[in-house]
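Heads up: the structure comes next, in structure tokens.
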There are 2 protein chains.
Amino acid sequence: MEEKTPSVLLTTPSWLLTQTAMHAQRIVAEAFAAENSRGYHFRLLATLMEFGPSSQAALGRHTGIDRSDIVATVNELVAAGYVERSPDPADGRRNIISLTTAGKRRHRHLSELVDTIQDKIFAPLSSTERATLAGLLTKVLAHHS
Amino acid sequence: MEEKTPSVLLTTPSWLLTQTAMHAQRIVAEAFAAENSRGYHFRLLATLMEFGPSSQAALGRHTGIDRSDIVATVNELVAAGYVERSPDPADGRRNIISLTTAGKRRHRHLSELVDTIQDKIFAPLSSTERATLAGLLTKVLAHHS
DNA sequence: CGCGATCGTGGGGAGCGCCAACGACTAGGC
DNA sequence: GCCTAGTCGTTGGCGCTCCCCACGATCGCG
């Protein structure tokens, strides 16, 4: 009934990495979707939470999200009432995006959600193993930037 | 000039995982793209190499690729001459997909490409660290299946 | 024979990442 | 002050991966 994946793939490190990541991402994405949200929303909310009101271009630089996609995401967040878009009086090109009270609440909620999910994802690992994994990933990640 | 990503994300394990995976995937994808190929192609070729001629549904089960997407991918591989699609004489519903000589050559080529790239991806890790990482990822991956 | 399951195929959609172009605007050099 | 270069928001498009649904054809089993 069940047919296995080729061993060639299973022994390829980058395959292990991307597959594990996909499972993780799927779990997170489903949790977000259940709240009518998605990754981009959380990224923007978290960035606004940490850096305060910013222009859309700055948000893009912080999150790594393309300016084009920022527009759509901000539109959605504005429509949901989590964020406000107002023109920058000091620079006619910019919009200033700022969190509303509902937005801050939203961020905290999603944040707790993400924290809870971490355990679900890394369940089979001990806390020291998790730290080891995080360390290795950080090392690799730092190298590509 | 350079603006950092929120620390909230950097300290989230699943974020580290997905981000690292994305870098890896991007490197692999670019290498594939430079050869007019993509991930699905390699997955199918590798599966055919390991399990021999198979039906499209079987390929889907081995690779985790949806039947719909198998169709398109096989079309592309047929057009490139790497694969042949012939009706199964024993079962009127099935097509038998088999590698051509060019397909086997192609698989070997892409396979070497992938191997080479692994070093580029995990450059900052020692071989023991790579083994540790692979072990941890395998552990997590096994848990989600 | 008939019914459920499988197979190939087509269509659509979501999420994420990326690029091109354009009008509005700002800032720096002259 | 003017002009050029660069930034910003916005629209529109593309690609890859993953996923779901529906249909006609075929098979297998009761």
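Everything numeric here is computed off the predicted structure, so don't read it as measured data.
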**Q.** Residue among Leu16(A), Thr132(A), Leu17(A), Leu133(A) satisfying side chain to side chain contact (heavy atoms under 4.5 Å, CB included) with Leu133(B)
**A.** Leu133(A)

Q: Return yes if the base of dC19(D) and the side-chain atoms of Asp69(B) contain a donor-acceptor N/O pair under 3.5 Å, otherwise no.
A: yes

(Q) Keeping Gln19(A) on the side-chain end and Leu141(B) on the backbone end, is there a donor-acceptor pair under 3.5 Å? (A) no

**Q.** Ser68(A) (side chain) and dC18(C) (base): donor-acceptor pair under 3.5 Å
**A.** no

Q. Is the shortest side-chain N/O distance from Asn75(A) to OP1 or OP2 of dG9(D) below 4.0 Å?
A. no

Q) Closer than 4.0 Å, any side-chain N/O of Arg61(B) to the OP1 or OP2 of dC7(C)? A) yes

Q: Would you mind reading off the distance between Asn95(A) atom CG and dT7(D) atom P, rounded to a whole angstrom?
A: 18 Å

**Q.** Matching residue for Gln56(B) among Arg94(B), Arg61(B), Arg67(B), Arg85(B) - test: side-chain hydrogen bond (donor to acceptor under 3.5 Å, both in side chains)
**A.** Arg85(B)

Q) Atom CG of Leu9(B) and atom P of dC16(C): how far apart are they, to the nearest Å? A) 13 Å

Q: Return the value, rounded to whole Å, for the distance between atom CG of Leu59(B) and atom P of dT6(C).
A: 17 Å

Q) For the side chain of Asp66(A), counting heavy atoms from C-beta on, which of dG17(C), dC19(C), dC8(D) is nearest? A) dC19(C)

Q) For the side chain of Val71(B), counting heavy atoms from C-beta on, which of dG9(D), dC18(D), dG10(C) is nearest? A) dG10(C)

Q: Specify the separation, in whole Å, of atom CG of Asp88(A) and atom P of dA24(C).
A: 19 Å

Q: Compute the centroid of each ring, for Phe51(B) and then for His62(B), and state whether the two points are separated by less than 6.0 Å.
A: yes

Q) Using a cut-off of less than 4.0 Å, is there contact between a side-chain N or O of Gln25(A) and OP1 or OP2 of dG15(C)? A) no

Q) Taking for each residue the nucleotide of DNA chain D bearing the nearest heavy atom, is the 5' side occupied by Arg67(B) or by Arg94(A)? A) Arg94(A)

Q: Starting from the 5' end of DNA chain C, give me the residue, Ile96(B) or Ala90(A), whose nearest nucleotide shows up first.
A: Ile96(B)

Q) Does any N or O in the side chain of Ser145(A) come within less than 3.5 Å of the main-chain N or O of His143(A), such that one atom is a donor and the other an acceptor? A) no

Q) To the nearest Å, how far apart are Tyr40(A) OH and dA14(C) C1'? A) 12 Å

Q) Taking atom P of dA14(C) as reference, at what distance in whole Å does atom NE2 of His41(A) sit? A) 13 Å

(Q) On the nucleotide dG17(C), are OP1 or OP2 found under 4.0 Å from the side-chain N or O atoms that Arg43(A) carries? (A) yes

Q: For dT9(C), take OP1 and OP2 only and decide whether either is under 4.0 Å from a side-chain N or O of Arg85(B).
A: yes

Q | Integer-rounded Å distance: dC16(D) P and Arg26(B) CZ | A | 15 Å

Q: Mind calculating the distance between CD1 (Ile27(A)) and C1' (dG15(C)) to the nearest angstrom?
A: 17 Å

Q) Which one, dC16(D), dG9(D), dG17(C), comes nearest to the side chain of Arg38(B)? A) dC16(D)

(Q) For a quick test of reading the model: is some side-chain N or O of Arg93(B) closer than 4.0 Å to OP1 or OP2 of dC23(D)? (A) no

Q. According to the interplanar angle, ranging from 0 to 90°, do the rings of His144(A) and His23(B) count as parallel (below 30°), tilted (30 to 60°) or perpendicular (above 60°)?
A. parallel

